[in-house]
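The structure under discussion appears below in the form of structure tokens.
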Amino acid sequence: MKEKFSKEQIDEMLKNSTEEIVNDNENLVDEFGNVHNADEIIKQAETSISKKYPKVNFRWSEFEIARAKKIAEKLGLPYQTYIKSLIKQGMDKDEKKLKEM
């Protein structure tokens, strides 16, 4: 039976762990001699993160994507980060405007 860890347990293990030894069989041995499966810990962490940040898809023209990539590159940002920042700025502006109404 695979051992399940909560996000808090994983955070605590990472915070308290000062040294790990990685064996060839992909297990981590912490400073207390406890053996943990690295793949399982990573899978649980990724699942926890994906639940916090659901994926959003929308259709956009190739021209607009290329435009966003070009601007983001000049700003030194990944284009998805750039797009997310623009959406957030627009929402902040609209939210402020709605509060003033």
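Residues: numbered from 1 along the sequence shown.
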Quiz prompt | With sequence neighbours excluded, residues passing side chain to side chain contact (heavy atoms under 4.5 Å, CB included) with S85 | solution = Y82, Q89
For residues 62-76, dump all side-chain donor-acceptor pairs below 3.5 Å to protein atoms at least two apart in sequence or in another chain.
residue	atom	partner	partner atom	Å
E64	OE1	R67	NH1	3.1

Exercise. Give the other cluster members for L98, using side-chain heavy-atom distances under 4.5 Å between Ile, Leu, Val, Met, Phe, Trp and Tyr residues; answer none if it is isolated.
Key: M101
Self-check item: Which residues share a side-chain hydrogen bond (donor to acceptor under 3.5 Å, both in side chains) with K88, sequence neighbours left out
Solution: D92
